[in-house]
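Report on the following structure.
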Amino acid sequence: MPDLKTLTIQELSQAIEKSRKIVIIPHKNPDGDAIGSSLGLCHYLHDKQKDCHVVVNDSAPYFIDFLPKFDQIKVFESDQSTCIDLVKNADLIICTDYSQLHRCGDLQPYVEASPAPKAVIDHHPGPDPNFDFYFHTIAASSTSELVYLYIHDADPGYLFNKDIASCLYTGLLTDTGSFRHALRSETFMVAAELLKTGISYEFLVSKIFDSNTPQRLKLVGYALNEKLMILNDYRTAYISISFEESEKLGLKKGDTEGLVNYCLSINDIVMGVFFHEREKGKTKISLRSKGNFAVNSISQQYFGGGGHKNAAGGEFTGSAQETINKFLEILPQYKDQLSSLEIGQRD
Ligand SMILES: [Mn+2]
């Protein structure tokens, strides 16, 4: 009896085999894993002579613009008609790095209207039941790890090249914060296999993590100096940026990336939160946690979002301060859990 994983891989690979035009759609507001896994898979499908395109709601952060074929990504916000045509004419749609279809953004109605089968490759909890094919496990570090495992299992003789490896390794690096969290032993196995292609991890690490602009460093300085709040009783730290501050600082997309991690890097802090009022009266909230304290349930219940146990996000209609007020209102119910949590085990 083949197990569920083998069946999934067989079904997905038959669907790919049967299709000529394939569209890969990462989630809106894409990160390193969304783009890395999509481009990695796209490179593979090009090798298999498929007419394959990556189509995304909005543009990817600048620090991954060096990835091979990055410039061929079609962005809905700037080129609607091309994106709509590609989705309309697709024989197969593969959604990468999200489990709920609405996360493909404004492409959703076109995806829903398309008669093409829909597959999902992802590691977020609670997959939407409306997909036709699933390659999904929340145990994986990243969707890029799953794309590697899919190709490895579906096409055993396939020789990974540097282009695919750079894309997938980028997803591994960004989703694990340089191999610090969301790890399992397979993650290191996949990383090792990708490195065997001869990619330079020094190059990738430096491109991705040493990509500060002076503007961004000033923002970090300002955020840490002026905006960092520590709630010792709740082992929680947060940073907020209001719409006015955003404007004044001239923030660009990607500038606030990783800011939330400074909160979590404080000794004994269990939860870190970043509030960003990106549009007037609309605040994005990013939550991070350590150990068994789950932030995805908070974002799902109160901020219309979701995510992983230790990394989640959502949105709130209101200013940064109003969102903070809402957060402070719900925080006391987590006090016991936050104060009793032990981070990892020393053994
Ligand atoms: Mn991911």
Side-chain angles (χ1 to χ4, degrees), residues 8 12 24-44 54-61 63-64 67 70 73 94-105 107 119-128 131 134-151 164-184 186-191 194 204-205 208-209 253-254 256-258 260-261 264 274 284-289 294-296 299-300 305-314:
T8 313
L12 183 56
I24 302 171
I25 309 181
H27 58 74
K28 65 177 178 179
N29 201 9
D31 57 12
D33 186 34
I35 296 296
S37 60
S38 300
L39 279 179
L41 183 60
C42 189
H43 280 281
Y44 168 72
V54 175
V55 173
V56 64
N57 180 73
D58 51 308
S59 59
F63 58 83
I64 49 169
L67 289 177
F70 181 91
I73 297 173
I94 305 178
C95 297
T96 42
D97 203 32
Y98 52 107
S99 55
Q100 298 290 321
L101 190 60
H102 69 87
R103 296 210 63 223
C104 71
L107 286 156
V120 64
I121 305 180
D122 180 48
H123 66 133
H124 292 84
D128 200 316
F131 288 103
Y134 294 83
F135 188 45
H136 181 276
T137 168
I138 60 166
S141 69
S142 53
T143 300
S144 297
E145 180 179 317
L146 289 177
V147 167
Y148 175 88
L149 293 172
Y150 167 74
I151 300 172
I164 298 185
S166 311
C167 295
L168 299 183
Y169 198 85
T170 293
L172 252 60
L173 266 179
T174 53
D175 258 24
T176 63
S178 304
F179 299 106
R180 288 183 59 189
H181 48 77
L183 296 160
R184 57 176 182 167
E186 282 96 327
T187 315
F188 291 101
M189 190 276 286
V190 171
L194 294 173
L204 292 171
V205 167
I208 293 163
F209 297 111
K253 193 167 185 155
T256 58
E257 187 92 21
V260 66
N261 297 323
L264 211 58
F274 176 55
K284 190 178 181 288
I285 170 166
S286 308
L287 299 119
R288 298 289 182 274
S289 66
V295 284
N296 50 1
S299 66
Q300 199 173 7
H308 306 284
K309 185 176 74 179
N310 296 125

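Whatever order the structure lists them in is the order used to number ligands and atoms, beginning at 1.
When atom types are taken as modelled, the side chain of D128 and the backbone of Q100 share no donor-acceptor pair closer than 3.5 angstrom.
Restricting D33 to its N/O/S atoms, the shortest distance to the Mn ion (ligand 1) is reached by OD2. Per residue D175, closest N, O or S atom to the Mn ion (ligand 1): atom name OD2.
Taking CD1 of I151 as the reference point, atom CG of L146 lies at 11.0 Å (rounded to 0.5 Å).
The NE2 atom of H123 and the OD1 atom of D97 subtend an angle of 90° at the Mn ion (ligand 1), given to the nearest 10 degrees.
Taking the ring-ring contact (aromatic ring centres under 6.0 Å, His included) definition, one finds that Y44 meets it with Y158, sequence neighbours left out. Residues passing the ring-ring contact (aromatic ring centres under 6.0 Å, His included) test with H136, sequence neighbours excluded: none.
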